[in-house]
2 protein chains.
Amino acid sequence: MAASTPHARVETEPPISRSARKARTRQRLIDAALALIGQGRSYTSLSLREITREAGVVPGAFYRHFRDLDELGLALVEMGGVTLRRLLREARRDGIPPTDMLRGSVLVYKRFVEQRSLVFRFIAAERGGGSRILRNAIRTEDGHFASEMAQDLRVLGVMPDLSSSALRMICGLVVTTMLNAASDILDVPSGQTVQEREMVENFVRQLRVIFIGARHWRED
Amino acid sequence: MAASTPHARVETEPPISRSARKARTRQRLIDAALALIGQGRSYTSLSLREITREAGVVPGAFYRHFRDLDELGLALVEMGGVTLRRLLREARRDGIPPTDMLRGSVLVYKRFVEQRSLVFRFIAAERGGGSRILRNAIRTEDGHFASEMAQDLRVLGVMPDLSSSALRMICGLVVTTMLNAASDILDVPSGQTVQEREMVENFVRQLRVIFIGARHWRED
DNA sequence: AATTTGAGTGAACATATGTTCACCGAACTT
DNA sequence: AAGTTCGGTGAACATATGTTCACTCAAATT
């Protein structure tokens, strides 16, 4: 029975500011939700008490941070948006893989998804699923992602003959294909299995179809 | 306090066979789940009691038909598969719209989805969402749908230069695009709004990209 | 130094949940 | 006509849920 006063400060020696403390437990709630998703649960079926339990906090404390579960969900969506933006940023930084660019990009993306499996599991699941509010928030986020991608391609001078609206539309298609693939990536047994290779190959070929279609696109 | 014996037969005059009765309540449970989905709930968040309540049956009765909620979910997936097969069958029967075939097909599909909104809402939601079991079942069903579609296109002599595997891969892409669009169709306010027209237009253009890509596809 | 603030507590509330079980009675079998 | 089967009942169970509220006590403000 070691001493453990409510506000024990076991390892965080320096006094912690109030706003910092608040931000910390807020983050803990978010992480708790993700952790539960990681254990195979789907966000829609999580309960407030489960989350606070996982976060190591009393149920009532939840309300100091979010009005309800949808609001926590929105925070997760935002985190998803940040993640997608990071993907684009890294792509800009590293440039397009020199050889076999499509397969290269797919493998980079696959790694990216696997390293952030929880966020992608959440997005892939709630994109078509959860509450209407969440779905729309994710749609908006996906839309921004597609627009940014279109802008990047424009800057890179890829497919310069396409109108901006056509480019944007095509990026939308690429994004849905990517997010759909994320779900596949997360479900296929990782390791060099046959299934995994087939999945990657299929993904590559689908993107190739899209890009070929884009190259030959003519406005109405 | 009107008389209402447990097994009241208020309007179903002719005696009902046991198997028929069982099939009937089984169907009621399925319909109840769909009805709740129709009220904006997502399948993953439904409870056994909610469903039996909606079905007008005592909770324990559930177990006479399904081991657990996943098993009911699988029944819904199967119903979804049947629905998709019917879509193909109707497409075969009615043939391809004579003029502006792509937009025509999209409008037919839109109508089809709207008329069966509950099943499509379920599939679109649980495809990336629900339990692993459900996700895989839906993946399998989608796969069959894509294969059948490929076979139909082959028989129709559409894109005869494509190998079967390429055709199959492209149909897979079409299917994910369709199911993704189903979610959009169900969320956009129906009626002749601007949003609705834009959504349809985007969907048409995306399919067009895919088909252009298919026409110019060359094997590796 | 005295006061105010507010994140987190702990207990209580009414209500909901999944699962079990002995039981009923109509449909089936003999 | 007598006996069996089995879909559905109703009650009970232990446990889980969302929300509220007065409370604490350290950090922030005065």
Side-chain angles (χ1 to χ4, degrees), chain A residues 3-33 36 39 41-73 75 130-131, chain B residues 1 3-33 36 39 41-73 75 130-131 133:
Chain A
S4 170
T5 53
H7 291 263
R9 211 191 295 145
V10 278
E11 23 187 342
T12 316
E13 268 306 333
I16 187 169
S17 88
R18 205 129 83 178
S19 60
R21 188 175 187 79
K22 176 159 191 182
R24 179 156 67 79
T25 41
R26 189 191 134 100
Q27 190 56 45
R28 280 191 185 162
L29 288 168
I30 292 177
D31 291 346
L36 290 166
Q39 292 170 209
R41 313 283 322 278
S42 89
Y43 182 76
T44 319
S45 72
L46 294 184
S47 74
L48 182 148
R49 284 182 111 103
E50 252 178 319
I51 294 173
T52 55
R53 207 181 303 133
E54 178 81 16
V57 140
V58 102
F62 182 91
Y63 298 100
R64 301 278 185 206
H65 304 275
F66 306 101
R67 198 184 312 283
D68 52 25
L69 285 175
D70 265 352
E71 207 166 289
L72 209 201
S131 72
Chain B
M1 286 194 207
S4 169
T5 53
H7 292 262
R9 211 191 295 144
V10 280
E11 23 188 342
T12 317
E13 267 308 331
I16 186 169
S17 88
R18 207 133 75 177
S19 60
R21 188 175 188 78
K22 177 160 190 180
R24 179 156 65 80
T25 39
R26 189 191 133 99
Q27 191 56 45
R28 278 190 186 164
L29 288 169
I30 291 177
D31 291 346
L36 290 167
Q39 292 170 210
R41 312 286 321 280
S42 89
Y43 182 75
T44 319
S45 72
L46 294 184
S47 74
L48 183 149
R49 286 182 110 104
E50 251 179 319
I51 294 174
T52 55
R53 208 181 302 132
E54 178 81 17
V57 139
V58 101
F62 182 91
Y63 297 100
R64 302 278 186 208
H65 303 274
F66 306 101
R67 198 185 312 284
D68 53 25
L69 286 175
D70 265 353
E71 206 166 291
L72 209 202
S131 71
I133 295 183

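Quick caveat: nothing in here was measured; it's all calculated off a predicted structure.
- Atom CD1 in Ile16(A) sits roughly 9 Å away from atom P in dA27(D) (whole-Å rounding).
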Give the table of side-chain donor-acceptor pairs shorter than 3.5 Å for residues 51-63 of chain A, with sequence neighbours excluded, one pair per line with atom names and distance.
unit_1	atom_1	unit_2	atom_2	d
Thr52(A)	OG1	Leu48(A)	O	3.3
Thr52(A)	OG1	Arg49(A)	O	2.9

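- The distance from the CG atom of Asp70(B) to the CD1 atom of Ile133(B) is 4.5 Å, given to the nearest 0.5 Å.
- For Arg18(B), counting side-chain heavy atoms from C-beta on, the closest listed nucleotide (dG7(D), dG18(D), dT17(C)) is dG7(D).
- One end of the helix from dA1(C)-dT30(D) to dA27(C)-dT4(D) points its axis 20° away from the other end's axis, with each axis taken from 5 pairs and the angle rounded to 10°.
- Going from atom CG of Leu29(A) over to atom C1' of dG8(C) covers 11 Å, rounded to whole Å.
- The distance from the OG atom of Ser19(A) to the CZ atom of Arg26(A) is 13.0 Å, given to the nearest 0.5 Å.
- Rounded to the nearest 0.5 Å, atoms CZ (Arg64(B)) and OG1 (Thr25(B)) are 11.0 Å apart.
- Taking OG from Ser131(B) and CG from Asp68(B), the interatomic distance works out to 9.0 Å, rounded to the nearest 0.5 Å.
- Atom CG in Asp68(A) sits roughly 17 Å away from atom P in dT17(D) (whole-Å rounding).
- Dashed line: the shortest gap from a side-chain N or O of Ser17(A) to OP1 or OP2 of dA27(D) is not under 4.0 Å.
- Heavy-atom minimum distance, Phe66(B) versus Ile30(B): CZ-CG1, 4.3 Å.
- Within the 4.5 Å cutoff, the side chain of Tyr43(B) has no heavy atoms near those of the Thr44(A) side chain.
- For the atom pair CD (Glu71(A)) and NE2 (His65(A)), the distance works out to 11.5 Å, reported to the nearest 0.5 Å.
- Within residues 51-64 of chain A, the residues approaching DNA chain C are Val57(A), Val58(A), Ala61(A), Arg64(A), by heavy-atom distance under 4.0 Å.
- Between Thr25(B) and dG7(D) there is no side-chain polar atom (N or O) within less than 4.0 angstrom of OP1 or OP2.
- Taking atom CZ of Arg21(B) as the reference point, atom P of dG25(C) lies 14 Å away to the nearest angstrom.
- Leu48(B) has its CG atom 13 Å from the C1' atom of dT20(C), to the nearest Å.
- To the nearest angstrom, C1' of dT20(D) lies 16 Å from CZ of Arg67(A).
- Taking atom CD of residue Glu50(B) and atom P of nucleotide dT15(C), one finds them 17 Å apart after rounding to whole Å.
- Comparing His65(B) and Leu69(A) along DNA chain D, the residue whose closest nucleotide (by nearest heavy atom) sits nearer the 5' end is His65(B).
- For the residue pair Arg24(B) and Ile16(B), the shortest heavy atom distance occurs at NE-CD1, 3.6 Å.
- For the pair Arg49(B) CZ and dT17(C) C1', the interatomic distance rounds to 6 Å; values are reported in whole Å.
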